[in-house]
Amino acid sequence: QVQLVESGGGLVQAGGSLRLSCAASRRTFSNYETGWFRQAPGKAREFVAAISWSSSSTYYADSVKGRFTISRDNAKNTVYLQMNSLKPEDTAVYYCAADLSYFGGSLYNYMNPNEYDYWGQGTQVTVSS
């Protein structure tokens, strides 16, 4: 079992940047498929980005492509989400998720929140216009 703790959220003006961090409690975090999801008030949780356990593959929602970058530092048991050119519609609670199963490069698996067993508590990102 792994515990995930997100940090780095906050209030930023449109066009600004934030970097979210997801720190894991286990040294074997390098074996976990990891993703970021977000949920705005009154909306369903949606996929944002994901990174394979090996860091060889990354995936992004169309709405964030070219603006967000996901990366991982397995030596620090941490996954990052660098968010640039933020828009008011990016306002949401951002969640880190992880799973020990091998997703095999399946975009469906990476994008599906039901495929992840472990979730952080979330961090609020608010973008003002």
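Computed from a predicted model, the values in this text were never measured in an experiment.
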- Would you mind telling me which of Y116, W53, Y118 makes a side-chain contact (heavy atoms from CB on, under 4.5 Å) with Y32? Y118
- Message: I want to check something: taking the side chain as every heavy atom from C-beta on, are V125 and L20 in contact at a cut-off of under 4.5 Å?
- Response: yes
- Item | From CG (L4) to OG (S21), nearest 0.5 Å | 12.5 Å
- Taking the side chain as every heavy atom from C-beta outward, state whether R45 and W119 have any pair of such atoms under 4.5 Å apart. yes
- Task: Quick one: pull up OH in Y60 and CG in L107 and give me the separation to the nearest 0.5 Å.
- Result: 13.0 Å
- Query: Is the Lys NZ or Arg CZ of R19 less than 6.0 Å from the centre of Y80's six-membered ring, within 45° of the axis?
  - Reply: yes
- Query: So, do F47 and Y59 sit near enough that their side-chain heavy atoms are less than 4.5 Å apart?
  - Reply: yes
- Quick one: does S106's side chain have a donor or acceptor within less than 3.5 Å of a partner on N109's backbone? yes
- With Y94, which of Q39, R38, E6 fulfils side chain to side chain donor-acceptor pair (under 3.5 Å)? R38
- Query: At what distance, to the nearest 0.5 angstrom, does OG of S101 lie from CD of E115?
  - Reply: 7.5 Å
- Between N77 (side chain) and A23 (backbone), is there a donor-acceptor pair under 3.5 Å? no
- Note on the structure: Between C22 and W36 the two heavy atoms that sit nearest each other are CB-CZ2, 3.6 Å
- Looking at side-chain heavy atoms only, is the closest gap between C96 and T34 below 4.5 Å? yes
- Answer yes or no: are there more than 12 heavy-atom neighbours, outside Q124 itself, under 6.0 Å from its atom CD? yes
- Message: Show the nearest heavy-atom pair for residues A92 and A40, with the distance to one decimal.
- Response: CB-N, 3.8 Å
- Message: Between the side chains of K87 and D90, is the shortest nitrogen-to-carboxylate-oxygen separation below 4.0 Å, so that they form an ion pair?
- Response: no
- Query: Less than 4.5 Å apart, any side-chain heavy atom of F29 and any of R72?
  - Reply: yes
- Backbone N/O of I70 and side chain of T58: donor-acceptor pair under 3.5 Å: no
- Query: Does the side chain of Y110 pick up a donor-acceptor pair with the side chain of E33 at under 3.5 Å?
  - Reply: yes
- How close do L18 and G8 get, heavy atom to heavy atom, and via which atoms? CD2-O, 3.8 Å
- Query: Minimum heavy-atom separation for A24 to V2, with atom names?
  - Reply: CB-CG2, 3.8 Å
- Query: What is the minimum heavy-atom distance between S85 and S17, and which atoms define it?
  - Reply: N-OG, 4.3 Å
- Examine distances only and state if a side-chain atom of T91 and a backbone atom of V127 form a donor-acceptor pair shorter than 3.5 Å. yes
- Shared ILVMFWY cluster between V79 and M83, side chains joined below 4.5 angstrom? yes
- Query: Same cluster or not: are I51 and V64 linked, directly or through other Ile, Leu, Val, Met, Phe, Trp or Tyr residues, by side-chain heavy atoms under 4.5 angstrom apart?
  - Reply: yes
- Can any side-chain N or O of T78 pair as donor or acceptor with the backbone N or O of K76 at less than 3.5 Å? yes
